[in-house]
Amino acid sequence: MENKKSNDPLHGITLKEIVEQLVAYYGFDTLGELIKIKCFTTNPSVKSSLTFLRKTDWARKQVEELYLRSLTKF
């Protein structure tokens, strides 16, 4: 068996790490403008955002796409 390194930039990164990095860089206000989901605009917290994103595939996909677009900024 060969050990191949994954080309997926999300490989090995947890959703929590993604959300924390995005919040640290953009803040919840800007995140709420970039991705129109309530967990970023109404009483936002990392914990409530994770709960919502784990249940909602379309929202998680948007967050992951923003993270990938933002990688060069971190």
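Everything numeric here is computed off the predicted structure, so don't read it as measured data. Computed over heavy atoms, backbone and side chain alike; hydrogens, waters and symmetry mates excluded.
With Leu22 as the fixed residue, the side-chain contact (heavy atoms from CB on, under 4.5 Å) test singles out one of Ile35, Leu31, Thr30: Leu31.
Within the 4.5 Å cutoff, side-chain heavy atoms of Lys73 are placed close to those of Tyr26. Between Trp58 and Ile37 there is a side-chain heavy-atom pair separated by less than 4.5 Å. Taking the side chain as every heavy atom from C-beta outward, Thr14 and Val19 never approach each other to under 4.5 Å. Using a 4.5 Å cut-off on side-chain heavy atoms (C-beta onward), Leu10 and Tyr67 make contact. Contact of the Arg69 side chain with the Leu66 side chain is registered, since non-hydrogen atoms from C-beta on lie closer than 4.5 Å. Considering only heavy atoms from C-beta on, Val63 comes within 4.5 Å of Phe40 through its side chain.
Minimum interatomic distance between Leu68 and Pro9 (heavy atoms only, all atoms of both residues): CD2-CG, 3.4 Å. When every heavy atom of Ser49 is checked against every heavy atom of Cys39, the shortest pair comes out as OG-O, 3.4 Å.
One distance of note links NZ of Lys55 with CG of Leu50; it measures 12.0 Å at 0.5 Å rounding. Atoms CD and CZ, on Glu65 and Arg60 in that order, are 12.5 Å from each other to the nearest 0.5 Å. Separating the CD atom in Glu17 from the CD atom in Glu20 is a distance of 7.5 Å, to the nearest 0.5 Å.
For the residue pair Thr51 / Ser48, no side-chain donor-acceptor distance below 3.5 Å is found, with atom types taken as modelled.
The number of heavy-atom neighbours closer than 6.0 Å to CG of Asp8, taken from other residues, nucleotides and ligands shown, is above 12.
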